[in-house]
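Report on one structure; see the data block that follows.
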There are 2 protein chains.
Amino acid sequence: MTKPPHAGSADVAAARLRSIPEASVARLAVYLRMLGELAEQGAETVSSDELAAATGVNPAKLRKDLSYIGSYGIRGVGYEIAALVRQLERTLGLDHLRAVALVGVGNLGHALAGYSGFGGRGFPVTALFDVDPDLVGIHINGIVVEHVRAIPQVCAEREVTIGMIATPGPAAQGVCDLLVSSGVRCILNFAPVVLQVPHEVEVRKVDLAVELQILAFHVARKHLAGQDPATVNGHVIEHASNGSGGMLP
Amino acid sequence: MTKPPHAGSADVAAARLRSIPEASVARLAVYLRMLGELAEQGAETVSSDELAAATGVNPAKLRKDLSYIGSYGIRGVGYEIAALVRQLERTLGLDHLRAVALVGVGNLGHALAGYSGFGGRGFPVTALFDVDPDLVGIHINGIVVEHVRAIPQVCAEREVTIGMIATPGPAAQGVCDLLVSSGVRCILNFAPVVLQVPHEVEVRKVDLAVELQILAFHVARKHLAGQDPATVNGHVIEHASNGSGGMLP
DNA sequence: GCAACTTTGTGCGTGCCTTCACAAGCGACT
DNA sequence: AGTCGCTTGTGAAGGCACGCACAAAGTTGC
């Protein structure tokens, strides 16, 4: 199941896409952002060492990550930023916009709806949903909040390809089912629930409470272990000129 | 019950803590939440199969995870929920409260400050900071927003052990340095920047834009590959009675 | 008290990810 | 034109995590 039938460029691309390790994909997105910042600063090329330092990654790992999308580096020089950005965007599927629907306009949802980092990066939030009558009908960032029952119709109309769920836990599975039945195949879940989905649907979960608990574990560990620097396997990040130019709220 | 007639329980605990794989720690937090829900529903014991199904994890992996914190299961029966919860809380360092400071009360920060999932789980947000004069002085959930320059003093007073950074990217490193110099050793970073910290400081990063880009990659993959069900390595999660009882916004 | 059944705890093989180390390739300088 | 220095791309090794499969241990029924 690994061999492409014939060697047309589309098949090659598909084979490559499929074979990129999940861990690498996550880092590619980070490289892409850093490259954008470097381009803004007027840089035209970067070496793997520079880019690795700026993103806190091992240089060899970075080169291997980039090798998955092809050879776009010049030996003795580095990577041409513009070309690399273009290729990364194509690989990550950022060459056309992906409409995003957000369900749950409560506390967190409201913040996500107003988060400028999405629209500016090719992910316009084009639909908002909730069940609360007090919320349905209001506008956030120029988008009107619709009732959850309108999900199938609105998602179809606006060609939504990604759904974000920021509802309370108990409501999440129902909302998820609605999204899936509306053709949404990728879901970003903020609710503290494990979603049950058909195998063709991709779910990523962001669990803030779990993140804090992981940190708490490390606090406890440091306390118990005393703070012997040798035994703590903390990751040290070398130098790296401070990257600036973000885009959060 | 089974084995450990504790000999030097502190040392044993420390050794154990150090050796728990990072991936397991993340799952332990998930188990803990699910166990809490089960307890609320009146259950007294769970088998590894039940808990695994409810959390979308392989049963063997779950048992191995739990084995890292000791033998608290009863063969032929399962795990006694109350005892397991207690042990998990101790292992994750949830046996006493951890004061959290949040820097950046903009769009996302405001939502995090109001997020009930933190305080209810042993992570009271006890300090808020920003640089915006319009925000400094206002109250959110009964907490007053202070100026960033007050970080050292306030963090010391309120014994903050965890810092959350929800500032724009360019401000993050400066804020981080302030937190670290105030004695904060664990940081949850929402800013799209790789923080440079001393090796004894633990940083976890939540990057919403990257999460969406990873999803976009999978959209692109599905498109290119057609949707042959066999070649897509999606994870299928079996049955599992729908968990309810969450605690998001 | 014994046998059959259930469920935990774990040794082990497998595969993925990371990291090292080095050859190949490219540009610059003489 | 040739050589030198720098940087990429990758083969190979090590480590970690996953999941199977089974023995150990407990419970239930007779």
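Below, read A as the first sequence line, B as the second, and so on, with proteins coming before strands; counting in each chain starts at 1.
Nucleotide D:dG19 holds its C1' atom 12 Å from the CG atom of B:D65, rounded to whole Å. Look at CG on B:L66: it is 11 Å from P on C:dT10, rounded to the nearest Å. Counting to the nearest Å, the P atom of D:dA17 and the CD1 atom of B:I20 are 12 Å from each other. Rounded to whole Å, the distance from CD on A:Q87 to P on D:dT8 is 17 Å. In this structure, OH of B:Y68 is placed 11 Å from P of C:dG11, rounded to the nearest angstrom. Rounded to whole Å, atom P of D:dC16 lies 17 Å from atom NZ of B:K61. Atom CG of A:L51 and atom C1' of D:dT7 are 14 Å apart (whole Å). For B:E22 and C:dC17, the CD to P distance is 17 Å, given to the nearest whole Å.
At D:dA17, none of the side-chain N or O atoms of B:N58 fall inside 4.0 Å of OP1 or OP2 (strictly under the cut-off). Between C:dG9 and B:S67, no contact under 4.0 Å exists linking OP1 or OP2 to a side-chain N or O. Here A:Y79 does not reach the OP1 or OP2 of C:dC26: none of its side-chain N or O atoms lies under 4.0 Å away. Listed pair A:S48 / D:dT7 fails the phosphate criterion, with no side-chain N or O lying under 4.0 Å from OP1 or OP2.
The shortest side-chain heavy-atom distance between B:Y31 and B:R27 falls under the 4.5 Å cut-off. Using a 4.5 Å cut-off on side-chain heavy atoms (C-beta onward), A:R121 and A:R98 make no contact. A 4.5 Å side-chain heavy-atom check between B:L35 and B:V46 finds at least one atom pair inside the cut-off. No side-chain heavy atom of B:V57 sits less than 4.5 Å from a side-chain heavy atom of A:V194.
Heavy-atom nearest nucleotides on DNA chain D were determined for A:R75 and for A:K64, and the one closer to the 5' end corresponds to A:R75. When each of A:I74 and A:A23 is assigned the nucleotide of DNA chain C bearing its nearest heavy atom, the one mapping closer to the 5' terminus is A:A23. When each of A:G76 and B:G78 is assigned the nucleotide of DNA chain C with its nearest heavy atom, B:G78 is the one assigned upstream, toward the 5' end.
Residue B:R63 has its side chain nearest to C:dT10 when only D:dG9, D:dC18, C:dT10 are considered.
A salt bridge links A:E22 with A:R204: the distance from a Lys NZ or Arg NE/NH1/NH2 to an Asp or Glu carboxylate oxygen falls below 4.0 Å.
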